[in-house]
Amino acid sequence: MTARPNAVPAAFPAATILGYPRIGPRRELKRALESYWNGRSSRDDLTSAGRRLREATWRRLTDLGLSAPPSNTFSLYDHVLDTAFMLDAVPARYHAADDVYFAMARGTDDVAPLRMTKWFDTNYHYIVPEIGPETAFRLADDKPLREVAEARELGISTRPVLLGPVTFLLLSQASTGSPDGFTPMHRLNDVLDVYAQLLRALAAEGVDWVQLDEPALVADRSDEDLVAVRVAYERLGGLNLTERPRLFVSSYFGELGAALPVLADCPVEAIGLDLDRGRDVLARRDLDSLAGKTVVAGVVPGRNVWRTHLNDALDMLRFLRTKVGDVTVSTSCSLLHVPHDLELETDLDPALRKRLAFADQKVGEVIELARLLAAAPNDAVTTPPVRPEASSPEGTPPAERSPYPVRAAAQAEHLRLPPLPVTTIGSFPQTGDVRAARAALAAGKITNERYEALVKAEIERAVRLQERLGLDVLVHGEPERNDMVQYFAEHLDGFAITKHGWVQSYGSRCTRPPILHGGVGRPAPITVGWARYAQSLTGKPVKGMLTGPVTIVAWSFVREDRPLRAVFDQVADAIRAEVADLQNAGVSIIQVDEPALRELLPLRRADQAAYLSWAVAAYRRATSVAADRTQIHTHLCYSDAAEVLTAIDALDADVTTIESARSNARVLDDPAMKGFVRGLGPGVYDIHSPRIPTVPEITDLAEKILRVLPANQVWINPDCGLKTRTYDQVEAALTNVVTATTDLRERVASLSRSV
């Protein structure tokens, strides 16, 4: 143990970042996790892999020029789960598991995992803690302390990062059986006891600064929430400086709003501001209330891959310095949301590369801006710098489809589906053979003809399996697709694809967001050939599978020189052309997925209506060419669909499938559900866990759905696509789904006959 001197701790660094990617530049974490989960390696092997990644990160950041880089930002699955595990917020049902941590994340044969949802308005997913009156908080895991010690062994001092206690509780849900009116925030004082204990332990280890992340404070917060903020930081900041590190409360993803004066009045030494998404803070009259604290200015965007406009950023920094005095240069949020290193992308167009910055390049920008700020005079900028806004042309309104009742009648006559039709969301398992064939084609080792033959064989495998199991609406399984957004980006003008630009979505799941850098166009049909082939194999309807414009934009790094609405309309026009071609090819059901609809919802309520208006318009634009008898489906997953039910209804899709199994159908409790008249498929099979749902579990969930919705509206389906599962898991799970549905159909029919 390193004794902490009573002297004033070290000043906050002039340049810092709030976090760094943790998957490894070549997805080393993914491979280590999946090796452990598949039984090919031990827990010790996984622990060693994590340690190697942390060491490589700290060495890389110090080599780039950062002093006191962040620690405790690494996670084997999710940092919110890490916090729950650290506080021993482990529901009793997981206590008997061999590996409690991963049981909470992924479930076991005997118990389902905790709910998972999106981290604010990003495509990162976090595990939702369950907190009840019975939760016995204690410091059960010393991970923050271990990482400080690991780094010290390398000769590196770090700044531990903790999820702030207020955000942790706001992101948690009440455990089943909690009394009416109970919220996790009722346990704030108990959580603060553990945080205070941890701060004392970190101080005893010689830690000078601790970062407490409170992104929840940039959303609309109630008076009670703001009281909780004051209670938390008066309590933690009120600890004597000899027994705690200095506190840096970091906010990001927006402007602090009413939380700013509360934090300014608390005894914390540093406060972080997101000056990318929360730039309006510079115009606040109370900005000077932060004088006397270190203001960590997030001027380097942490959620895009474009180079920072250094002059613009420097103007903001200089203005802020005139208001508050002590300013540190930082990223706007953790770099978790961008790829590791642009230097790995040797095949990108050189002109495009000059416009880009990945995580390592953003670290360089932070350090350069700190140098420029130190050299700049103190009297420069006296008014807040204004960011020029690109003009937004009004898009042509989409054509209107016939009213839903008219379409529903035409579709019922044409499709003649049974009650409670069973389908899946789209993808089937991506086997090693499929991935190997795709890699061989890219490497020139097989011909395109050979590749297409392999893909067709995989499509037939998926179709035959669905026929044998008794599904009613089939999918072709998407073996030709590497990713639901990247595949379309590869076939549209205006996008660039990276080779190593991986970003973590959850656990071992990573995506390579395309870079949307130019005008979007569709030079040729994308999915029609595969859809036509799949339909030729069966007499049952096979869905055409498309990704919607909102999701393509949300899951790409989008050019900044055009307003988002204009980009949406361009992508919508490309998808509309694909819908038209699928329909002309005889495809009767077309699914246009929008899992990101909720994701882009602004965190402030005042901004939400405008976004939903043009997001819905983009979707309706994309599907407006569908004839009455063409059934349009959409899908939303792990996105708190209840928050956008009105917008989902406004999409005017004929059938909507949503995540439901992992959250125990909580969306059905929303009052807006009572007015939903279109087809709805709340998922009955959680595909993000390897466990197989039993027939009674599926039946119980389906019965809950049927107590809210009439049977003629209900579809039966998994929560999401089956890409991440194995064929053995899929066959077992879908067998149980069909078995449960067959029994339910008979009971529904019997009830109808008796009436």
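Keep in mind that the numbers below use all heavy atoms, side chains included, and drop hydrogens, waters and symmetry copies.
- Screening T331, L335, T308 for a side-chain contact (heavy atoms from CB on, under 4.5 Å) with P301, the sole residue that qualifies is T308.
- Ring geometry, H79 versus W119: the interplanar angle exceeds 60°, so the pair is classed perpendicular (tilted spans 30 to 60°).
- Side-chain contact between K362 and V338: present, with at least one pair of heavy atoms (C-beta onward) separated by less than 4.5 Å.
- Under the rule for a ring pair (Phe, Tyr, Trp, His ring centres under 6.0 Å), the partners of Y101 that lie at least two apart in sequence or sit in another chain are F85.
- Between the side chains of Q361 and D341, at least one donor N or O lies within less than 3.5 Å of an accepting N or O.
- With respect to the salt-bridge test (charged N to carboxylate O, under 4.0 angstrom), the residues D312 and R279 qualify.
- A donor-acceptor contact under 3.5 angstrom links the side chains of W555 and E599, judged on distance only.
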Quiz item: Could you walk me through whether D561 and R355 pass the salt bridge (charged side-chain N to carboxylate O under 4.0 Å, His left out) check?
Solution: CA-CA 12 Å; D561 59 337; R355 299 164 57 191; 5.3 Å; no

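- Between L320 and L282, the closest heavy-atom pair is CD1-CD2, 4.1 Å.
- Qualifying salt bridge (Lys or Arg N to Asp or Glu O under 4.0 Å) partners for R509, counting only residues two or more places apart in sequence or in other chains: D483.
- Salt-bridge check for D347 with K499: passed, with a basic side-chain N closer than 4.0 Å to an acidic carboxylate O.
- I552 CD1 to E594 CD: the interatomic distance, rounded to the nearest 0.5 Å, is 8.0 Å.
- Across all their heavy atoms, I425 and G721 have their closest contact at CB-N, 3.7 Å.
- Between Y126 and Y506, the distance separating the two ring centers is not shorter than 6.0 angstrom.
- Looking at R438 and D433, no side-chain N of the basic residue comes within less than 4.0 Å of a carboxylate O on the acidic one, giving no salt bridge.
- Inspection of the Y124 and D78 side chains reveals an N or O donor paired with an N or O acceptor under 3.5 Å.
- Of the N and O atoms on the side chains of S48 and D45, not one donor lies less than 3.5 Å from an acceptor on the other residue.
- Rounded to the nearest 0.5 angstrom, L33 CG and R106 CZ are separated by 8.5 Å.
- Considering all non-hydrogen atoms of both residues, T16 and L66 come closest at CA-CD2, 3.9 Å.
- By the 4.0 Å N-to-carboxylate-O rule, R51 lies too far from E55 to be salt-bridged with it.
- A cation-pi arrangement is absent between R559 and W306, since the terminal nitrogen or guanidinium carbon is not both under 6.0 Å from the aromatic centre and inside a 45° cone about the axis.
- Legend: residues meeting ring pair (Phe, Tyr, Trp, His ring centres under 6.0 Å) with Y451, ordered by chain and number and at least two apart, are absent.
- In the model, S505 has a side-chain atom that pairs as donor or acceptor with a side-chain atom of H125 under 3.5 Å.
- For the 3.5 Å distance criterion, the side chains of S508 and R27 fail to qualify, holding no donor opposite an acceptor.
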Quiz prompt | Pair R481-F488, side chain to side chain contact (heavy atoms under 4.5 Å, CB included): steps then yes or no | solution = CA-CA 9 Å; R481 305 185 192 186; F488 286 90; 3.7 Å; yes

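- For the pair R725 and F428, the cation does not sit on the ring face, since its NZ or CZ is not both under 6.0 Å from the ring centre and inside 45° of the axis.
- Residues satisfying the ring pair (Phe, Tyr, Trp, His ring centres under 6.0 Å) criterion with F12, sequence neighbours excluded, are W209, F248.
- In this model, no donor atom of one side chain and acceptor atom of the other lie less than 3.5 Å apart for Y252 and D276.
- Under the 30°/60° scheme for interplanar angles, the aromatic rings of Y36 and F102 are found to be tilted.
- Scanning for salt bridge (Lys or Arg N to Asp or Glu O under 4.0 Å) contacts around R512 gives an empty result, with sequence neighbours left out.
- Salt bridge status for E578 with R522: present, with a side-chain N to carboxylate O gap under 4.0 Å.
- Remark: the S75 side chain and the D82 side chain contain an N/O donor-acceptor pair separated by less than 3.5 Å.
- Using modelled atom types and a 3.5 Å distance limit, the side chains of D360 and Y20 yield a donor-acceptor pair.
- No hydrogens or angles considered: nothing links the side chains of Q430 and K723 as a donor-acceptor pair under 3.5 Å.
- Annotation: cation-pi geometry satisfied between K456 and Y533 (NZ/CZ under 6.0 angstrom from ring centroid, within 45° of ring axis).
- E460 pairs by the salt bridge (Lys or Arg N to Asp or Glu O under 4.0 Å) definition with R464, not counting sequence neighbours.
- Salt-bridge formation is detected for the pair E150/R54: a Lys NZ or Arg NE/NH1/NH2 atom is positioned less than 4.0 Å from an Asp or Glu carboxylate oxygen.
- Taking a cutoff of 4.0 Å between a charged side-chain nitrogen and a carboxylate oxygen, E28 and R31 do not qualify as a salt bridge.
- Salt bridge R277/D274: absent, no basic N to carboxylate O contact under 4.0 Å.
- When all heavy atoms are compared, the tightest approach of A496 to L348 is CB-CD2, 4.1 Å.
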